[in-house]
Amino acid sequence: MKRSIPANWKRCVTCEYWLGRRSPSHWRDHVEYDPNDDRGQCTGKLNRSTKSSGSVCSGWKKWSVLK
Ligand code: SF4
């Protein structure tokens, strides 16, 4: 079952630097992801560590495909 969160919520899943599996919603104001497959590598501040969708850090930057 997919889950969706607003683009402005500061989480790894909405961050420019996260490499997990996700996709923008039709209007690009939400991110859709599978909570059972929500781990991905950080290429930003916590470089190379694997983070889950709900994690966050002070290096968050909105994913550039989102509004
Ligand atoms: S750990 Fe920080 S920089 Fe890395 S993906 Fe998550 S919010 Fe972005």
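We count ligands from 1, going down the list as the structure has it; atoms in each ligand are counted the same way.
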Per-atom contacts, ligand 1 versus [X] - under 4.0 Å to a heavy atom:
| X | result |
| --- | --- |
| Cys12 | 1 (S), 5 (S), 6 (Fe), 7 (S) |
| Leu46 | 1 (S) |
| Lys45 | 3 (S) |

Checklist entry - atom 7 (S) of ligand 1: which protein heavy atom is closest, and how many Å away? => result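 Heavy-atom neighbour on the protein nearest atom 7 (S) of ligand 1: Cys57 N, 3.6 Å.
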Checklist entry - Which residue supplies the protein heavy atom nearest to atom 4 (Fe) of ligand 1, what is that atom called, and how far is it? => result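 Result for atom 4 (Fe) of ligand 1: Cys42 SG, 2.2 Å.
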Next on the checklist: Under 3.5 Å, is there a donor on one side chain and an acceptor on the other for Ser25 and Glu32?
Outcome noted: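 No.
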Checklist entry - Going by atom types alone, do Trp60 and Thr14 pair a side-chain donor with an acceptor below 3.5 Å? => result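 The answer is yes; a qualifying pair exists.
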Item to check | Candidate list Asp38, Asp34, Asp37, test side-chain hydrogen bond (donor to acceptor under 3.5 Å, both in side chains), partner Ser53, passing option | outcome: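 Of the listed options, the one satisfying the test is Asp38.
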Item to check | Of the listed options Gly20, Cys15, Gly44, closest to atom 8 (Fe) of ligand 1 (non-hydrogen atoms) | outcome: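 Minimum heavy-atom distance to atom 8 (Fe) of ligand 1 goes to Cys15.
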Next on the checklist: Does any part of the side chain of Cys15, heavy atoms only, come nearer than 4.5 Å to the side chain of Lys45, both counted from C-beta?
Outcome noted: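 SC-SC contact between Lys45 and Cys15 ruled out.
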Checklist entry - Does Lys62 NZ have over 12 foreign heavy atoms under 6.0 Å away? => result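 Counting other residues, nucleotides and ligands, NZ of Lys62 exceeds 12 neighbours.
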